[in-house]
Amino acid sequence: MNSTKIFLAVLCVGIAAAACSATANNPKLDSRYEYTVGDDVAQRTASIFRVTAGIEEPTLVYYDRDTHDIVAEIIGSTDNVEAAKREVDALVDVIRANVVGYAKKRHKLDLTDNDVTLIYYVDSDQGVPLEVVRREKGKYIVPVGGAESDSTEERD
């Protein structure tokens, strides 16, 4: 009789585990996703940054399907705008030297400043990175009043 109760208990636990795992899966993860040229160039850019630029901090590079830009979000250690611009300029040089040629050769794509946005954040002690500067369409934009402000000041 005890073995029957144990068997039923194990069976109930097994069914419950199967039911929980079946409902925990997100069916949207099975949705089709079209891999675009922008996705490929963004992935290659991330790889080139790691190898060529020697970036140690994690850098998120992705293709923004709304703005049609390659976007790189860089986490750095300075909150000085001019120092951050120098770091971003170094990445622009890497893009020009390595990514532009790849995009042209692999995809017959003329990648320009208008196609790339670089956003430099400083890792704050608040746990949330703060935007220091961004380079968009070839121009620098500095947040006015810090990362919490919605207004920006454009600078060349």
Side-chain angles (χ1 to χ4, degrees), residues 3-79 84 87-88 90-92 94-95 98-152:
S3 62
T4 305
K5 287 182 182 180
I6 293 172
F7 175 73
L8 289 175
V10 170
L11 182 63
C12 287
V13 169
I15 291 171
C20 289
S21 64
T23 59
N25 292 331
N26 186 342
K28 286 190 175 187
L29 292 174
D30 287 332
S31 301
R32 293 200 179 272
Y33 177 82
E34 184 178 338
Y35 191 73
T36 66
V37 169
D39 295 318
D40 180 60
V41 173
Q43 181 179 2
R44 181 57 61 111
T45 302
S47 299
I48 288 171
F49 279 178
R50 279 190 297 278
V51 173
T52 307
I55 293 178
E56 294 175 17
E57 295 292 329
T59 300
L60 176 64
V61 183
Y62 58 92
Y63 175 62
D64 186 326
R65 290 169 183 239
D66 294 329
T67 63
H68 307 286
D69 288 340
I70 305 296
V71 179
E73 297 185 7
I74 302 109
I75 306 290
S77 59
T78 185
D79 60 358
E87 289 189 39
V88 169
L91 294 175
V92 169
V94 168
I95 291 169
N98 298 289
V99 180
V100 169
Y102 170 80
K104 181 72 170 179
K105 182 177 180 181
R106 177 88 166 120
H107 300 290
K108 312 288 188 268
L109 170 69
D110 292 320
L111 194 67
T112 69
D113 276 342
N114 288 331
D115 304 314
V116 180
T117 298
L118 297 139
I119 308 168
Y120 185 96
Y121 297 95
V122 63
D123 196 8
S124 73
D125 58 355
Q126 309 296 313
V128 177
L130 301 173
E131 184 177 336
V132 177
V133 67
R134 71 175 49 214
R135 188 172 189 280
E136 217 171 61
K137 309 285 184 217
K139 296 186 183 226
Y140 282 100
I141 301 170
V142 179
V144 176
E148 296 174 7
S149 173
D150 287 333
S151 61
T152 58

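Of the options Ile48, Ile70, Leu118, a side-chain contact (heavy atoms from CB on, under 4.5 Å) to Ile95 is made by Leu118 and by none of the others.
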Exercise for review: Applying side-chain hydrogen bond (donor to acceptor under 3.5 Å, both in side chains), run through Glu73 and Tyr62 and close with a yes or a no.
Suggested key: CA-CA 9 Å; Glu73 297 185 7; Tyr62 58 92; 3.0 Å; yes

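Side-chain contact between Val99 and Leu111 is present, with heavy atoms from C-beta onward closer than 4.5 Å. Side-chain atoms of Leu109 and Lys104, non-hydrogen and from C-beta on, never get closer than 4.5 Å to each other. Residues Val41 and His107 form a side-chain contact, since some pair of their non-hydrogen atoms from C-beta on lies under 4.5 Å apart. With contacts defined as side-chain heavy-atom distances shorter than 4.5 Å, the pair Arg44/Phe49 does not qualify. Between Ile119 and Ile74 the shortest side-chain heavy-atom distance does not fall below 4.5 Å. Contact annotation: the side chain of Tyr120 approaches that of Glu87 to within less than 4.5 Å [non-hydrogen atoms, C-beta and beyond].
In Arg65, the CZ atom is crowded: over 12 heavy atoms of neighbouring residues, nucleotides or ligands sit closer than 6.0 Å.
With values rounded to the nearest 0.5 angstrom, Thr36 atom OG1 is found 7.5 Å from Glu34 atom CD. With values rounded to the nearest 0.5 angstrom, Leu91 atom CG is found 7.5 Å from Thr59 atom OG1.
The minimum heavy-atom distance linking Val133 with Ala84 is given by the pair CG1-CB, 3.8 Å. Between Val61 and Ala72, the shortest heavy-atom distance links the atoms CG2-CB, 3.9 Å.
A salt bridge does not link Asp115 to Lys137: none of the charged side-chain nitrogens sits closer than 4.0 Å to a carboxylate oxygen. Here Lys139 does not pair with Glu136 in a salt bridge; the nearest charged N to carboxylate O distance is not below 4.0 Å.
Scored by the side-chain hydrogen bond (donor to acceptor under 3.5 Å, both in side chains) test, Arg135 finds Asp113 as partners (sequence neighbours excluded).
At distances below 3.5 Å, not a single donor-acceptor pair connects side-chain atoms of Asp40 with backbone N or O atoms of Val37. Proximity of a side-chain donor or acceptor of Asp39 to a complementary backbone N or O of Tyr35 within less than 3.5 Å is not detected. Under the 3.5 Å distance criterion, the side-chain polar atoms of Asp69 are left unmatched by any main-chain donor or acceptor of Val71.
Below 30°, between 30° and 60°, or above 60°: for His68 and Tyr63 the angle between ring planes is between 30° and 60°, a tilted geometry.
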